[in-house]
Amino acid sequence: MRLRFAPSPTGPLHIGGVRTALYNYLLAKKHGGTFILRIEDTDQTRYVPGAEDYIVEALRWCGIMPTEGPGIGGKHGPYRQSERKDRYAQYAHQLVESGYAYFAFDSEDELQALQERAMATNQTRLIRTEGKNSLTLSAEEVAKRRASGENVVIRFLAPSDETIIIEDLIKGTVRFDSNTLDDKVLLKADGMPTYHMANIVDDHQMEITHVIRGEEWLPSTALHSLLYRYLGWEQPQFAHLPLILKPSPNAFLNKRNIEHFGEKFSQEFAKKAEGEVDAKKVQNLMIQYLRDFKNLSATLKLRDKDSNLQKDIKSFLKDALFGKLSKRDGARLGFPVFPLLWEGNGTEDAFAGFRETGFEPWAMLNFLAFLGWNPGTEQELFSQDELVEAFSLERIGKSGARFDFEKGRWFNQQYVMRMDNREIAKRLLPLVEAKGYAASEDFLTDFAGLMKERVTFFPEFLESAAYFFEPVNAYDEVTIQKRYKTENKPHFDAISEQLSELATFDTAQIESTIKGYIETNELSFGAIFPMLRIALSGTTKGPDLFGMAALLGKEEVLNRLKKAYATFDAIKNEVIS
RNA sequence: GGCCCCUUCGUCUAUCGGCUAGGACGCCAGGUUUUCAUCCUGGAAAGAGGGGUUCGAUUCCCCUAGGGGCUGCCA
């Protein structure tokens with residue numbers, strides 16, 4: 001079994017691509033097959049420097065590295081299509097010779113006119129019958145045009161009156177009427193193949209047995225199947241994955257934020273619109289539509305009585321709110337749609353990454369795996385090995401799955417909570433150093449034990465518990481004003497005193513000391529605990545008070561208590577005066 | 001416009017003709033707890049509509065509607 005992931009280096013690899021790579025990887029791994037990376041860079045105009053490196057780095061971070069690919073090696077290389085350029089032309093010409101393809105010489109303008117007319121009149125063969133090509137021109141003319149080196153492409157000659165049947169491993173039997181197929185370009189004027197040609201040749205030569213790819217390829221699979229047949233090659237098995245869709249609008253739209261989104265969308269609309277637009281009017285209309293967020297798709301339906309502006313706005317909102325998950329959605333909705341940060345050129349082209357957000361790679365993959373697949377059991381958390389074992393194509397669903405970032409958060413939280421404390425400590429070390437803090441691995445291990453149930457993403461360890469690494473710089477004044485009583489000051493001093501006398505400053509000792517003091521003096525926990533907590537951390541939120549104190553250490557605790565009580569009085573006095 | 005795919009709670013989904021329609025995220029309520037979080041218990045929440053087939057349809061078929069994709073010398 002040989003499977004390939006074949007992205008195009010036109011930008012960062014997005015999350016849908018990662019899922020496709022994952023499914024390919026899982027299936028290969030499960031059946032002892034080979035997982036191959038192939039770079040589909042046949043469009044020189046869309047090549048983006050750094051994109052290929054990004055793809056490889058992303059796969060590496062995810063832990064789903066191919067065993068054949070560019071920079072990796074393998075017997076079926078090279079693995080960049082630009083480096084296999086020579087291989088494609090001969091097959092395109094072979095198809096011409098065997099009558100399954102033809103030369104075409106149409107100019108860009110002619111072609112566009114033909115395509116528009118074809119669409120308007122539902123004809124699929126206009127380019128063939130009315131264009132300039134080796135079917136309509138004389139042999140001399142064709143020879144002359146080919147010799148002159150003018151704009152020549154090779155087009156597929158779609159057959160008539162055939163039914164093409166694809167047995168898709170996910171979608172089942174899919175039928176196409178060959179009369180609805182148009183004559184796709186196979187070999188471009190620059191000598192490069194199109195995706196269709198390159199993909200067939202490479203999959204054949206690389207002995208790919210299973211093509212697992214996004215559903216957007218399903219319509220062109222009829223063409224691919226025909227190409228295999230006409231070239232006399234056995235075709236691989238196909239499996240077309242359901243798409244990952246944008247989050248449901250009513251998952252993030254609510255009464256409070258429609259103004260915000262109205263403003264955001266109207267700015268985007270203005271940027272896209274040509275000519276002047278009445279910004280205020282656009283924004284108001286958008287908000288009006290958005291207000292009906294519970295049945296937006298009905299609201300956004302175009303009506304005859306709508307003005308052109310209304311229609312434009314509705315179309316814009318429909319594109320922005322429905323359909324395939326796109327790179328823009330991340331910035332719009334505040335979550336990453338790429339595995340790694342992509343810096344690009346300027347802010348418009350920069351995108352956040354799951355890695356930088358603090359995701360564990362396998363948590364992200366576990367989350368992505370469930371977007372379109374499920375094991376049929378109630379298990380949701382899978383180790384890498386378990387997922388390889390459980391995965392199968394049969395359990396991939398047919399319908400598109402909406403991206404739900406909240407669920408993604410939950411997956412990561414589960415991973416963090418289950419992670420070994422020392423493992424967390426090791427991962428925290430570089431983050432700690434980057435912040436300029438000093439902490440040992442042992443300290444961080446205990447710290448992880450205290451904090452991991454309170455954290456969703458790694459950076460939060462340091463953000464929500466910075467007080468373990470630096471002095472408390474702000475106290476929760478509201479709570480102090482409410483709960484702190486100056487007359488309890490002697491008690492706090494006495495607690496400090498008792499703590500200072502502890503020989504072993506551990507969680508149990510600290511707990512029994514403080515609790516013992518409260519009980520013997522008939523105080524309430526509520527009068528003491530919150531104040532101690534604020535004294536040590538500045539906030540009422542946080543891990544177990546005694547564990548926190550133990551980790552901080554006796555000296556630090558006594559210092560913090562001393563400093564805090566002085567400040568508490570000042571805060572309390574401020575309020576009174 | 002044409003072609004193709006899809007349709008169970010807000011979201012991800014289970015169900016392969018017998019269903020009081022199950023689970024998870026999120027939400028709400030309660031409990032445990034020194035706070036927060038975790039954890040536990042409970043709750044609201046779904047089979048797009050219409051026809052068939054069948055003793056029986058969420059499950060099979062058809063139509064309609066809705067959603068999605070493709071329709072590029074992009075992949």
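Here is how names work: the chains are called A, B, and so on, in the same order as the sequence lines, proteins then strands, and each is numbered from 1.
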- Query: When the ring planes of A:F335 and A:F403 are compared, do they come out parallel, tilted or perpendicular, using 30° and 60° as the limits?
  - Reply: tilted

- Message: Expressed as a whole number of angstroms, how long is the span from A:L181:CG to B:rG72:P?
- Response: 12 Å

- Closer than 4.0 Å, any side-chain N/O of A:S8 to the OP1 or OP2 of B:rC74? no

- Message: Can you confirm whether the side chains of A:Q413 and A:R409 place a donor and an acceptor under 3.5 Å from each other?
- Response: no

- Which part of the nucleic acid does A:P543 contact within heavy-atom distance under 4.0 Å: base, sugar-phosphate only, or nothing? base

- Any Lys/Arg nitrogen of A:K184 or A:D182 sitting under 4.0 Å from an Asp/Glu carboxylate oxygen of the other? yes

- Choosing from B:rG26, B:rG66, B:rA75, which nucleotide comes nearest the side chain of A:K301? B:rG66

- Item | Identified ring-ring contact (aromatic ring centres under 6.0 Å, His included) counterpart of A:F354 within the set A:F359, A:F338, A:F458, A:F457 | A:F359

- Message: Any base atoms under 4.0 Å from A:G542, or only sugar-phosphate, or nothing? Heavy atoms, all strands.
- Response: base

- Closest to the side chain of A:L243, out of B:rU11, B:rG68, B:rC73, is B:rG68

- Message: What contact category does A:S220 fall into here, base, sugar-phosphate, or nothing, at under 4.0 angstrom with non-hydrogen atoms?
- Response: nothing

- Task: Please work out if A:A120 contacts a base, only the sugar-phosphate, or nothing of the nucleic acid, heavy-atom cut-off 4.0 Å.
- Result: nothing

- Query: Which value, in whole Å, describes the distance between the P atoms of nucleotides B:rA46 and B:rC12?
  - Reply: 16 Å

- Query: Nearest to the side chain of A:V174 - B:rG67, B:rC5, B:rU35?
  - Reply: B:rC5

- Query: Expressed as a whole number of Å, how far does the C1' atom of B:rA21 sit from that of B:rU58?
  - Reply: 8 Å

- For residues A:N24 and A:I36, determine if any side-chain heavy atom of one lies less than 4.5 Å from a side-chain heavy atom of the other. no

- Message: Under 4.0 Å, heavy atoms only, any strand: does A:K324 hit a base, just the sugar-phosphate, or nothing?
- Response: sugar-phosphate

- Query: Which word best sums up how the rings of A:W373 and A:F382 line up, parallel for under 30°, tilted for 30 to 60°, or perpendicular for over 60°?
  - Reply: perpendicular

- Task: Write down the partner of B:rC70 under the Watson-Crick or G-U wobble criteria, each distance required to be under 3.5 Å.
- Result: B:rG2

- Task: Taking only heavy atoms on the protein side, list every residue of residues 44-52 of chain A lying under 4.0 Å from any atom of RNA chain B, sorted numerically.
- Result: A:R46

- Task: Look at all strands and tell whether A:R175 reaches a base, only sugar-phosphate, or nothing, counting heavy atoms closer than 4.0 Å.
- Result: sugar-phosphate

- Task: Assign the ring pair A:F367 / A:F411 to parallel, tilted or perpendicular, where the plane angle (0 to 90°) is split at 30° and 60°.
- Result: tilted

- Under 4.0 angstrom between A:N374 side-chain N/O and B:rA14 OP1 or OP2: yes

- Please work out if A:N199 contacts a base, only the sugar-phosphate, or nothing of the nucleic acid, heavy-atom cut-off 4.0 Å. nothing

- Message: Is there a side-chain contact between A:L536 and A:L545 in this structure, where contact means two heavy atoms from C-beta onward sitting under 4.5 Å apart?
- Response: yes

- Task: Please determine if a side-chain N or O atom of A:Q112 lies less than 4.0 Å away from the OP1 or OP2 oxygen of B:rG72.
- Result: no

- Message: Could you tell me how far apart A:D177 (CG) and B:rU71 (C1') are, to the nearest whole angstrom?
- Response: 15 Å

- Atom-to-atom span, NE2 of A:H240 to C1' of B:rC70 - whole angstrom: 11 Å

- Message: Classify A:Y195 by what it touches in the nucleic acid, base, sugar-phosphate, or nothing, heavy-atom distance under 4.0 Å.
- Response: base

- A:G526 near the nucleic acid: base, sugar-phosphate alone, or nothing, with a heavy-atom cut-off under 4.0 Å? nothing

- Task: Would you classify A:F322 as touching base, sugar-phosphate or nothing, given that sugar-phosphate means primed atoms plus P, OP1 and OP2, and contacts are heavy atoms under 4.0 Å?
- Result: sugar-phosphate

- 4.5 Å side-chain heavy-atom contact, A:N151 and A:F105: no

- Message: If I pick the P atom on B:rG42 and the same atom on B:rG22, what distance separates them, to the nearest angstrom?
- Response: 13 Å

- Task: Indicate whether OP1 or OP2 belonging to B:rC73 is found under 4.0 Å from a side-chain N or O atom of A:R155.
- Result: yes

- So what's B:rA65 paired with, Watson-Crick or G-U wobble, going by both distances under 3.5 Å? B:rU7

- Message: Please classify the nucleic acid contact of A:Q123 as base, sugar-phosphate, or nothing, using heavy-atom distances under 4.0 Å.
- Response: nothing

- Message: Without decimals, in angstroms, what is the distance between A:D41 CG and B:rC73 P?
- Response: 19 Å

- What distance, rounded to whole Å, do you find between the two C1' atoms, one in B:rA37 and one in B:rG31? 16 Å

- Roughly, in whole Å, what's the span from NZ in A:K407 to C1' in B:rC9? 13 Å

- Compare all side-chain heavy atoms of A:V211 with those of A:W217 and state whether any distance is below 4.5 angstrom. no

- When you compare B:rC40 with B:rA65, how far apart are their C1' atoms, in angstrom units rounded to a whole number? 44 Å

- Provide the Watson-Crick or G-U wobble partner of B:rA57, both distances under 3.5 Å; none if there is no partner. none

- Message: Nearest whole Å is fine: how far is B:rC27 C1' from A:F252 CZ?
- Response: 18 Å

- Select base, sugar-phosphate, or nothing to describe what A:F403 touches, counting heavy atoms under 4.0 Å on all strands. nothing

- Going by atom types only, do A:R213 and A:T221 share a side-chain donor-acceptor pair under 3.5 Å? yes

- Query: Checking all strands, does A:T10 fall into the base, sugar-phosphate, or nothing category for heavy-atom contacts under 4.0 angstrom?
  - Reply: nothing

- Message: Heavy atoms from C-beta onward define the side chain here; which of B:rG2, B:rC25, B:rC3 lies closest to that of A:N122?
- Response: B:rG2

- Message: Going by purine N1 to pyrimidine N3 plus the second Watson-Crick contact, or the G-U wobble pair, all under 3.5 Å, which nucleotide sits opposite B:rU32?
- Response: none

- Query: To the side chain of A:K188, which of B:rC74, B:rG1, B:rC25 is closest?
  - Reply: B:rC74

- Query: So what does A:T221 touch, heavy atoms closer than 4.0 Å: a base, only the sugar-phosphate, or nothing?
  - Reply: nothing

- Hey, does the side-chain of A:D43 have a donor or acceptor N/O within less than 3.5 Å of a partner on the base of B:rC73? no

- Query: Ignoring hydrogens and angles, are the base of B:rA37 and the side chain of A:K541 linked by a donor-acceptor pair under 3.5 Å?
  - Reply: no

- Considering only heavy side-chain atoms of A:L218, the closest of B:rC73, B:rG10, B:rC5 is B:rC5

- Item | Check: A:R402 side chain, B:rU11 base, donor-acceptor under 3.5 Å | no

- Task: Considering only NZ, NE, NH1 and NH2 on the basic side and carboxylate oxygens on the acidic side, decide whether A:K407 and A:E380 come within less than 4.0 Å.
- Result: yes

- Message: Can you identify which nucleotide, out of B:rG67, B:rC73, B:rC39, has its nearest atom closest to the A:M417 side chain?
- Response: B:rC39

- Tell me the partner of B:rC27, counting only Watson-Crick (N1-N3 plus N6-O4 or O6-N4) or G-U wobble (N1-O2 and O6-N3) with both under 3.5 Å; none if nothing fits. B:rG43

- Item | Distance in angstrom units between A:F367 CZ and B:rU13 C1', rounded | 14 Å

- Item | Atom-pair distance (CH2 on A:W217; C1' on B:rU71), nearest Å | 13 Å

- Message: Roughly how many Å apart are B:rA24 and B:rU8, using the C1' atom of each and rounding to a whole number?
- Response: 15 Å

- Item | Rounded C1' spacing from B:rG69 to B:rA75 in Å | 14 Å

